[in-house]
Amino acid sequence: MKDKIIQFFSNLGRSLMMPIAALAACGIVLGLSSALMKPQVVSLLPFLQIASIKFIILALYKISAVVFTLIPVLFAISIALGLAKEDKEIAAFAGFIGYYTFLVGSSLVISTEVINFSAMKISTILGVETLDMGAIAGIIIGLLTAYLHNKFHKIAFPAAIAFYGGKRFVALIVILCSGILGLIMPFIWSPISVVINSIGSLIANAGAFGVFIYGMLERLLIPTGLHHVLNGLFRTTTLGGVYEGVEGCLNIFLQFIDKVNIAELAPFTKFLGQGKMPYMMFGLPAAAYAIYKTTPTEKKGKVKALMIAGVAASAISGITEPLEFSFMFIAPQLFLFHSVMGGLSFMLMSVLGVVIGNTGGGLIDFFIWGVFQPGSNWYWVIIVGIVYAAIYYFVFKTYLSKKNLSIDVNAEEPTNTNEEAGTNDKLFEIAKTIIDGLGGIDNIVNVNNCMSRLRVDVKEMNKIDDNILKATGSIGIVKPSSTHIQVIYGPKVESYADKVRELLKY
């Protein structure tokens, strides 16, 4: 069971790499364009007020920001695509249909007002005013779609209705199940949201420990999207404080930053961007370097590019999802560690008297609301941040090395497999040898592949012969669990995998 769980999360993490890569790239554009639109920057660079330049910057901001509103649907599509065993394009198509049907189903229930849904976040998503569950909705629908697709994509019906069998039935069953799930999910999510609200009240009255809990939950809730609920409560309601009749820590900060002594705002900024800065600007970049250092040589290039983009998004604009989702599923223990460190970061910034507001935790807010604000005590961010960088690097490098884990990316670009692999007869012989190296047909449970690796579930790992596999041209072998092996071939893996699967059906 443990191995199955590990393998499931490994496959899930691999499936999320496409949207994560998009997030990383768009995060850089979003952060830079956002910085160029801030009044403080515009006053220093007057040419930014030129109409054409202003339009270009605004266009870049709006377009890059769209990707972050599409995270759930991107997850639904990519998970369905990645976890489907065959006919992946059909699964991806069904993933989108399923997610949209889910939104409509939830919208119908919410519009009836059969119960009070005010505790939940309601947003307009893809043109539908519906329940906003964040990324968790996309993950749930993606998993549901993949399960239904793998179960029913080859189903056969009697001749009279044969047209609706097989691949066509996948969309039908996904629409039905997603719609039903959408109808019942508001009732399930409503008590969850009430619990979040209650936790928020406790946090607001718990002093430094409350700030720690807030910071830790703010990270832990990232996969569910409920961190927006938590943040919203503190930023806009009495949970975040009241100052001269103004409610909410963010409202107070933005209205009084230029009107009162900055020290008076310290009780409110403890729930804002300052708590994120040590791990966004120092901790996660160090973690990214550790991920790169522990990555197998054959995919270091792609991982380096992904990590650089993720670090830029985190450090510049405070957008952490590209980095967090890259390790969240392959190493959930590291995400738990990261969440605890997030809580400590919030608490330390509060205890040390740092007064840096706004919502971001990157360099933009650090300079505008910290360095450029007398009395903000911004230097503590750097002092604590350096310590964070050392701790993150050590923990990530040690854990990933010990567990022999690495993130999955498209390590190679596809090439002409006929030139790489040779004739069909040669492929046949290589595939037979691969099967022998894997312990024979009876030892093989399932065969999949990504762009560079043959991914095989086996019954007994001790039947694997690494030397035979290396003789087939493997450039590396990874065994993340006792029943799963990854044999690295590079771009020719597709042709090898197809032939192995073909032989297994004989």
Side-chain angles (χ1 to χ4, degrees), residues 8-9 12 15-16 19 68-84 91-152 169-200 217-233 321 325 328-329 332 335:
F8 168 77
F9 281 110
L12 181 61
S15 301
L16 294 173
F68 293 90
T69 68
L70 297 176
I71 290 176
V73 69
L74 293 178
F75 279 8
I77 294 171
S78 63
I79 290 174
L81 174 71
L83 297 184
F93 172 72
F96 174 78
I97 293 178
Y99 180 71
Y100 196 83
T101 305
F102 173 85
L103 295 179
V104 173
S106 296
S107 176
L108 290 173
V109 174
I110 291 171
S111 64
T112 63
E113 299 182 350
V114 291
I115 65 173
N116 183 6
F117 295 112
S118 61
M120 298 184 296
K121 183 180 181 183
I122 308 299
S123 302
T124 299
I125 306 174
L126 298 181
V128 180
E129 187 175 10
T130 185
L131 171 65
D132 188 347
M133 294 172 57
I136 194 66
I139 293 173
I140 291 174
I141 294 300
L143 293 173
L144 175 64
T145 301
Y147 170 78
L148 294 173
H149 172 83
N150 290 332
K151 186 176 180 65
F152 294 112
F169 184 71
V170 172
L172 297 177
I173 191 65
V174 167
I175 288 173
L176 175 62
C177 294
S178 298
I180 293 173
L181 184 61
L183 291 173
I184 64 176
M185 186 54 73
F187 299 99
I188 298 173
W189 208 248
S190 182
I192 294 176
S193 297
V194 171
V195 171
I196 295 296
N197 288 344
S198 299
I199 292 174
L217 285 178
E218 204 267 346
R219 290 297 95 188
L220 282 175
L221 292 173
I222 285 286
T224 70
L226 288 175
H227 65 293
H228 292 302
V229 177
L230 187 68
N231 287 335
L233 287 172
E321 284 88 346
F325 276 101
M328 181 185 299
F329 294 104
F335 186 68

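Below, each value reflects all heavy atoms present in this structure, side chains not excepted, and no hydrogens, waters or symmetry copies.
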Could you go through the side-chain contact (heavy atoms from CB on, under 4.5 Å) check for Leu126 and Leu70 one step at a time? CA-CA 8 Å; Leu126 298 181; Leu70 297 176; 3.8 Å; yes

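- Considering every non-hydrogen atom in both Ser107 and Val128, the closest pair reads CB-CG1, 3.5 Å.
- Pairing each heavy atom of Val170 with each of Ala94, the nearest pair is CG1-CB, 3.9 Å.
- Take Ile180 and apply the side chain to side chain contact (heavy atoms under 4.5 Å, CB included) test, not counting sequence neighbours, and it matches Leu176.
- The minimum heavy-atom distance between Ile97 and Ala171, with the atom names listed, is CD1-CB, 4.5 Å.
- At a threshold of 4.5 Å between non-hydrogen side-chain atoms, the residues Leu148 and Cys177 count as touching.
- Residues in residues 92-115 take part in no ring-ring contact (aromatic ring centres under 6.0 Å, His included) pair, two or more places apart or across chains.
- The structure places CD1 of Ile110 at 3.5 Å from CD1 of Ile122, a figure rounded to the nearest 0.5 Å.
- Remark: Ile141 CD1 to Leu103 CG distance equals 8.5 Å, nearest 0.5 Å.
- Here Leu108 contributes atom CG and Thr130 contributes atom OG1; the two are 8.5 Å apart, rounded to the nearest 0.5 Å.
- Of the possible donor and acceptor atoms, none in the side chain of Ser178 sits under 3.5 Å from a partner among the backbone N and O of Ile175.
- Judged as a ring-ring contact (aromatic ring centres under 6.0 Å, His included), and not counting sequence neighbours, the contacts of Phe152 are Phe169.
- Listed by chain and residue number, Ala80, Ala84, His149 satisfy the side chain to side chain contact (heavy atoms under 4.5 Å, CB included) test with Ala91 (two or more places apart in sequence, or in another chain).
- Qualifying side chain to side chain contact (heavy atoms under 4.5 Å, CB included) partners for Ile140, counting only residues two or more places apart in sequence or in other chains: Met133, Ile136, Leu181, Met185.
- Each of Thr145, Leu143, Leu144 was evaluated against Ile79; a single residue qualifies, Leu143, per the side-chain contact (heavy atoms from CB on, under 4.5 Å) test.
- Judged by distance alone, the side chain of Ser106 and the main-chain N or O of Gly182 form a donor-acceptor pair under 3.5 Å.
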